[in-house]
Chemist: 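Before anything else, here's the structure in question.
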Amino acid sequence: MKRQKIIAGNWKMYKTAKEAVHFIQQLQKLIPSSKARILLAVPFTALTAAAEAAHTTSFAIGAQNVHEAVEGPYTGEISAHMLKEAGAKFTLIGHSERRRLFHESNLLIHQKIKRALSSGLTPILCVGETLVERSDGATEAVLAEQLEEGLGELSLDQLAHLVIAYEPVWAIGTGKSASPQVADEAHLLCRNFIAKKWGSAAAEQLPILYGGSVKAENAAELLNQPNVDGALVGGASLDPAAFAQIIQSVG
Ligand code: 13P
């Protein structure tokens, strides 16, 4: 089975609701149809407007984070149910910026994944090693730990609703993307980990996206790798023309 390519934008803390609507209108003009699935992870405050604007498009709107509890006294937090009602179809979980700046642990990330799944949101689990971990030869161990603790004992059915994003921390926002070979090797490590625990059929159907300085210039080569099923794009997803070029590089 050939996995459909996914091109996802992560807007981080950029764009108001108005700006999101404008972006979606622009992108629709540039990309009236595509072979790829197009996802936009927008700020919470832009979700409703973005989902409405995307209603007549094939773009799916999602969030960048979710709280692990159903509801409760968690000032400033957002629940999966709230995201769903606002029109989110998916949520990023465990982005390296959340791990590093907001101290998210693998165990917390696991709880968030279960909450997203039980609410009908597709979790996009982000994993990836730092530069020090890579130069210490610890990439495989780090990815295995993030996957082992992040995924826990999910069922095969739950795994069928999951997406993984490999985002080496050293490539995020640095302009230095992983080479296509380095990306493919890391994706294969992730896929092999899944195959060992859940079987090769589950591993074969699991989409694994690459993130870290993806731009129009390097997208095609990265997306051509056998284990790279798409891209999670930060900076270059903020401009409709730049993002459209990346989408168009899906062959
Ligand atoms: P950049 O594409 O800006 O490197 O960001 C990648 C990223 O963090 C996507 O989640």
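Indexing begins at 1, ligand by ligand and atom by atom, following the structure's order.
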Chemist: Return the residue, atom name and 0.1 Å-rounded distance of the protein heavy atom closest to atom 2 (O) of ligand 1.
Modeler: Gly234 N, 2.9 Å
Chemist: Apart from Ile124 itself, which Ile, Leu, Val, Met, Phe, Trp or Tyr residues share its cluster (side-chain heavy atoms under 4.5 Å, direct or through members)?
Modeler: Ile6, Leu39, Phe90, Leu92, Val163, Leu209, Leu232
Chemist: Please say whether Gly173 places an N or O atom under 3.5 Å from an N or O atom belonging to ligand 1.
Modeler: yes
Chemist: Please work out whether the ring planes of Phe23 and Phe243 are parallel, tilted or perpendicular, with thresholds of 30° and 60°.
Modeler: tilted
Chemist: Is it true that Glu104 and Arg99 make a salt bridge, defined as a side-chain N closer than 4.0 Å to a carboxylate O?
Modeler: no
Chemist: Do you know which of Ile24, Leu47, Ile7 makes side-chain contact (heavy atoms from CB on, under 4.5 Å) with Leu40?
Modeler: Ile24
Chemist: Have a look at ligand 1 and work out which part of Ala236, if any, has a heavy atom under 4.0 Å from it: side chain, backbone, both or neither.
Modeler: neither
Chemist: Of the backbone atoms (N, CA, C, O) and the side-chain heavy atoms from C-beta on, which set of Ile172 has a member under 4.0 Å from an atom of ligand 1: side chain, backbone, both, or neither?
Modeler: both
Chemist: Please tabulate, for the side chains in residues 53-61, all donor-acceptor contacts under 3.5 angstrom to protein atoms that are two or more places apart in sequence or on a different chain.
Modeler:
residue: Thr57; atom: OG1; partner: Ala54; partner atom: O; Å: 2.7
residue: Thr57; atom: OG1; partner: Phe59; partner atom: N; Å: 3.0

Chemist: By number and element, which atoms of ligand 1 are closer than 4.0 Å to a non-hydrogen atom of Glu167?
Modeler: 6 (C), 7 (C), 8 (O), 9 (C), 10 (O)
Chemist: Can you find an N/O atom of Thr174 closer than 3.5 Å to an N/O atom of ligand 1?
Modeler: no
Chemist: Distance under 4.0 Å to a non-hydrogen atom of Gly212: what atoms of ligand 1 satisfy this?
Modeler: 4 (O), 6 (C)
Chemist: Give the numbers and elements of all ligand 1 atoms closer than 4.0 Å to a heavy atom of Ala171.
Modeler: 4 (O)
Chemist: With a 4.0 Å cut-off, would you call Arg134 and Glu129 a salt bridge?
Modeler: yes
Chemist: Polar-atom distance check: Lys12 versus ligand 1, any N or O pair below 3.5 Å?
Modeler: yes
Chemist: Taking only heavy atoms of Leu232, which atoms of ligand 1 are found under 4.0 Å from at least one of them?
Modeler: 9 (C), 10 (O)
Chemist: Would you say ligand 1 has an N or O under 3.5 Å from any N or O of Gly235?
Modeler: yes
Chemist: For a side chain to side chain contact (heavy atoms under 4.5 Å, CB included) check, start with the C-alpha distance between Tyr210 and Val214, then their side-chain angles and the critical distance, and finish with the verdict.
Modeler: CA-CA 8 Å; Tyr210 168 79; Val214 175; 3.5 Å; yes
Chemist: Are the side chain of Lys112 and the backbone of Ala69 linked by a donor-acceptor contact shorter than 3.5 Å?
Modeler: no
